[in-house]
Protein chains: 2
Amino acid sequence: MAERRGGAAREDGAGFELPLLLFAGFRSLIDELHRDLAEQGHADVRPAYGYALQAVGRDGATASEIGRRLGVSKQAAGKTVEKLEGLGYVERVDDPRDGRRKLVRLTARGVDVLVRSAEGFDRLRARWAEALGADRVRAMEDDLRAMVPADALRLDAPGWFND
Amino acid sequence: MAERRGGAAREDGAGFELPLLLFAGFRSLIDELHRDLAEQGHADVRPAYGYALQAVGRDGATASEIGRRLGVSKQAAGKTVEKLEGLGYVERVDDPRDGRRKLVRLTARGVDVLVRSAEGFDRLRARWAEALGADRVRAMEDDLRAMVPADALRLDAPGWFND
DNA sequence: CTAAAATAGACAACGTGATTGACGAAAAGG
DNA sequence: CCTTTTCGTCAATCACGTTGTCTATTTTAG
């Protein structure tokens with residue numbers, strides 16, 4: 001505890017603030033990204049859809065696989081895919097080699113969201129790096145990576161993001 | 001999502017990792033806290049309840065007030081209070097000075113959860129400080145505070161935490 | 001003082017997103 | 001082959017939130 005006196009002697013923030021801050025950070029990034037996306041012609045992308053699209057991936061995937069990647073039931077994944085299909089972000093085609101499977105694939109519009117999301121997130125991260133310093137952002141990421149159990153990287157919670 | 005772009009982000013993690021890490025950090029803290037609480041006789045506390053109890057506060061509050069603090073409708077707050085009452089964490093008493101109001105107050109059990117939660121969060125934060133260094137944790141908190149709009153500190157999203 | 005406005009709480013209907021359970025069709029394996 | 005898995009879907013249910021409506025009560029204005 002190399003604590004300097006003169007202001008720094010104050011007690012650290014209460015422990016309960018940390019999760020709050022982490023969540024608020026997450027939340028504000030997501031919110032800003034979707035504000036950007038809305039301006040770029042993707043007003044109907046809900047935050048959860050973005051991650052679902054990511055789970056589809058460039059090579060496509062089945063609903064069951066998407067559910068596994070997202071950590072939700074295949075039924076839930078199926079419903080999400082249905083919505084995504086209705087919005088024109090994915091298409092479903094029968095797998096000619098396996099009569100059970102229906103491959104979900106990104107449409108051009110779906111790829112566009114993904115590309116714009118990636119750009120948006122990069123832009124947001126760059127803004128943080130500009131405000132805080134690139135090293136601080138990198139440190140934050142490193143520290144979080146260190147403290148977060150590997151399996152917690154999953155996006156398995158259901159409906160956190162609701163704008 | 002992660003396009004290799006020569007320009008902006010060098011070998012830094014792709015921008016989309018930051019929100020993921022923030023969420024995973026939040027999530028793992030919440031999960032661990034509730035694991036601890038479960039071991040301490042509070043297995044039925046859902047994450048959302050903890051924050052609702054905090055909104056009640058030591059002095060008690062009305063359902064409407066709780067709703068305001070949590071950023072949800074008074075009806076939603078009322079339902080939560082009902083559950084909390086059923087679990088024995090709060091009690092509702094008529095306000096003798098205002099026939100419309102019913103004051104929600106923490107029971108001893110409710111106070112106990114709050115105390116144990118605060119202790120648990122402090123313990124968790126201490127563990128992070130031990131692993132990362134106190135200064136790094138403090139830096140993370142400071143940086144997040146700097147980037148997060150003041151109004152984003154609210155816990156107003158509905159169902160993110162589901163264990 | 002009384003009429004109007006605001007507030008508290010409750011009830012109902014509904015929306016969203018998840019879950020479990022069941023089932024038929026297709027594939028895989030002993 | 002016949003049994004076990006797996007895929008997709010239907011249906012019922014749950015959790016948690018929303019808006020709208022209604023009554024009782026308090027506050028505020030005229």
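Note: hydrogens, waters and symmetry copies are ignored here, and every other heavy atom, side chains too, is used. All chains are named by letter (A, B, ...) in the order of the sequence lines, taking the proteins before the strands, and each is independently numbered beginning at 1.
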Would you say [X] places a side-chain N or O within less than 4.0 Å of OP1 or OP2 belonging to [N]?
X        : N      : answer
B/Lys102 : C/dA10 : yes
A/Thr80  : C/dA18 : yes
A/Ser73  : C/dT19 : yes
A/Arg92  : D/dT9  : yes
B/Lys83  : D/dC16 : yes
A/Arg46  : C/dG15 : no

Quick one: label [X] by what it contacts on the DNA or RNA (base, sugar-phosphate, nothing), any heavy atom closer than 4.0 Å.
X       : result
B/Thr62 : sugar-phosphate
B/Gly78 : nothing
A/Ser64 : sugar-phosphate
A/Ala76 : base

Could you tell me which residues satisfy salt bridge (charged side-chain N to carboxylate O under 4.0 Å, His left out) with A/Glu65, sequence neighbours excluded, listed by chain and number?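 Here the qualifying residues are A/Arg68, A/Arg69.
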
From [atom1] of [X] over to [atom2] of [N], roughly how many Å is that when rounded to an integer?
X        : N      : atom1 : atom2 : value
A/Lys74  : C/dT20 : NZ    : P     : 12 Å
A/Arg68  : C/dT19 : CZ    : C1'   : 17 Å
A/Tyr49  : C/dT16 : OH    : C1'   : 9 Å
A/Ile66  : D/dG8  : CD1   : P     : 9 Å
B/Asp98  : C/dA8  : CG    : C1'   : 7 Å
B/Asp95  : D/dT26 : CG    : C1'   : 11 Å
A/Lys79  : C/dT20 : NZ    : P     : 12 Å
B/Arg100 : D/dT27 : CZ    : P     : 6 Å

Within the 3.5 Å criterion, strictly below it, is a donor on A/His42 or A/Asp112 matched to an acceptor on the partner's side chain?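 Yes, a side-chain donor-acceptor pair sits under 3.5 Å.
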
Which pairs of donor and acceptor atoms, one on a side chain in residues 77-88 of chain B, lie under 3.5 Å apart (sequence neighbours left out)?
| from | atom 1 | to | atom 2 | distance (Å) |
| --- | --- | --- | --- | --- |
| B/Thr80 | OG1 | B/Ala76 | O | 3.2 |
| B/Glu85 | OE1 | B/Arg92 | NE | 3.4 |
| B/Glu85 | OE1 | B/Arg92 | NH2 | 2.8 |

Reading DNA chain D from 5' onward, which residue's closest nucleotide shows up sooner: A/Glu82 or B/Arg97?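 Taking each residue's closest nucleotide, the earlier one in sequence belongs to A/Glu82.
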
Can you confirm whether or not the ring centre of B/Phe121 sits under 6.0 Å from the ring centre of A/Phe16?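 B/Phe121 vs A/Phe16: aromatic centres not under 6.0 Å.
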
Using the rule that Ile, Leu, Val, Met, Phe, Trp and Tyr join whenever any side-chain heavy atoms are under 4.5 Å apart, tell me whether B/Met147 and B/Met140 fall into a single cluster.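 Linked, B/Met147 and B/Met140 end up in one cluster.
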
